[in-house]
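Numbering of ligands and ligand atoms starts at 1, following listing order.
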Amino acid sequence: MADHAYITTPLYYVNAEPHLGSTYTTVVADALARFSRQRGIPTVLQTGTDEHGEKIAETAREAGVSPREFVDDVAAKFQATWDSCGIQYDNFIRTSDPAHIEFVQEVLTRLHANDDIYFGSYEGLYCVGCERLYTEKELQGGLCPDHLTKPTEVSEPNYFFRMAKYQDAIREHIEKHQGFIHPEGYRNETLGILREDLGDLCISRPKERLSWGIELPFDAGYVTYVWFDALLNYVSGPAALGRFDELWPATLHLIGKDILKPHAVYWPTMLLAAGYPLYDRLGVGGFWSSGGHKMSKSLGNVAKPLELRDRYGMDALRYFLLRDMAFGQDADFTEQALVTRLNADLANGLGNLVSRTLAMTKKYFEGRVQPRLPETEADAVLATAFANARTKLDAHIDDLAFHRGLGAVWEAIDVANKYVADQAPFKLAKDEAQRPRVGAILHNCIEALRVAAQLVAPFLPESAEKIREALGVEPEQFANLDLPWGDAFSDDHTVSGPINLFPRVES
Ligand code: ME8
């Protein structure tokens, strides 16, 4: 197991407020960070905002405020949204932070001194929405495939980074390291890009056209291209925390497929040129669409995370995002699909197991946990279901297959609900002689709840905490994933009355 984990989200552009797409990647990162911490691995989660470039300058101009005022306002909204969503980030980095700016300039100075940066002429089709050049081949009907806008033709003298020099080294690295880019389809797509002539990367913009950026340390007439600035956050962040040596390269970068090329091609070449080891892993997510097109700020078809949280609860939103999308593939967002998930898996599945177990323990034993009896076959099936769920969950999460991992935990929750139905403690309770068996069945159900809560904690942190409290398990004990089945509750332990974790939503 790794010593450390450093997990990153993209730095979101501050041209608009957070939406369901940015929330998705942030929730994935948060769930993984919690999962990793729960397994005893010191973990740092970094997120933040990307604040320079033409797109931001244009949006600020349209809003009639200075770029500085504009980015301060929207960056604060991003941070406040992640706080309201309970995202446990360790570092929120802004590309306008002085420490980041200094870091970028230091790297530029070094690359320039090494002759990895030269002056040349820049021409091509530029999409301001993506902040990058497109080749004719990449366009769809002459339009940017993501923004559905016509790119502008640019032609101007600029500085270039000798990206092509590192192309073969990156291709060989990806060929040798199967898991470097995940899922595999994106690895193949990257290898496809790297088999063609890559060319060098233009890394500047003349100040007369764009002044909102990091000034080139060797030419005050230019600012740094926004991607060359923003990608360096992944190193400048831990460096500013004084934790670079400890965290790098134990890195998982999480992104959406729209920014595969900058992360799988530009960034590794930049790392090699700057003398840093390559990151460990890139996890590439698909798109949430709405009304048949990628949900995006520029198209305006976005769902708002805080509205959904207020309506359904943050855990329900997290569960839906992680369960209804196979990481790497696209999925369509509808509120109806969210409600269906909530009712089926959360209210009827986990919520029902919690409320009936606590209700019966309260009714028959005033909440007191009863002794277990020698294990029956059905008891063993229940215990095994949860042991298997843990094993499968770990394997699926390692693969970034969140939907499968949660599916495995819900298989065990279904086994537990079936155990209650089949063992029918509510029927046995009518016979005084069966009282010990009723107590033992409920003890097993309480164990099932304890383990279920531990397993879902990284994904549904609020609900796990409510179950922990209702069961009266101490946080220290709850943190121990290896506590043997049957050892958690002594005979004089009392659990709370029933709680309604996930009220059903009528659609
Ligand atoms: O690209 N479905 O920022 P950005 C799923 N600043 N994920 C989505 C999504 C959707 N519909 N829409 C957005 C940038 N995302 C750069 C990154 S990193 C050094 C610089 C998520 O605000 C997804 O993770 O456009 C995507 O890659 C990211 O938001 C793009 O955010």
* What about Thr25: any of its N or O atoms under 3.5 Å from an N or O on ligand 1? -> yes
* **Non-hydrogen atom of Trp267 closer than 4.0 Å to ligand 1** => no
* Backbone, side chain, both or neither: what part of Glu131 comes under 4.0 angstrom of ligand 1, heavy atoms only? -> neither
* **Under-4.0 Å heavy-atom contact with ligand 1, by part of Asp50 that carries it** => side chain
* Would you indicate which of Ala16, Gly21, Gly286, Gly256 comes nearest to atom 9 (C) of ligand 1 when only heavy atoms are counted? => Gly21
* Looking only at distance, does Lys55 have an N or O less than 3.5 Å from an N or O of ligand 1? -> no
* Among Tyr276, Phe103, Tyr6, Tyr234, whose ring pair (Phe, Tyr, Trp, His ring centres under 6.0 Å) with Phe244 holds? -> Tyr276
* Test of proximity, Leu11 against ligand 1: N or O pairs below 3.5 Å -> yes
* To do: Please work out whether any backbone atom (N, CA, C, O) or any side-chain heavy atom from C-beta onward of Leu254 is under 4.0 Å from ligand 1, and answer side chain, backbone, both or neither.
  => neither
* Structure fact -> Any heavy atom of His263 under 4.0 Å from ligand 1? The part involved is side chain
* Asked: Side chain, backbone, both or neither: which part of Thr9 has a heavy atom under 4.0 Å from ligand 1?
  -> neither
* Structure fact -> Taking only non-hydrogen atoms of Asp258 and a 4.0 Å limit, the atoms of ligand 1 in range are 26 (C), 27 (O), 30 (C)
* **Sub-3.5 Å N/O-N/O distance, Tyr234 and ligand 1** => no
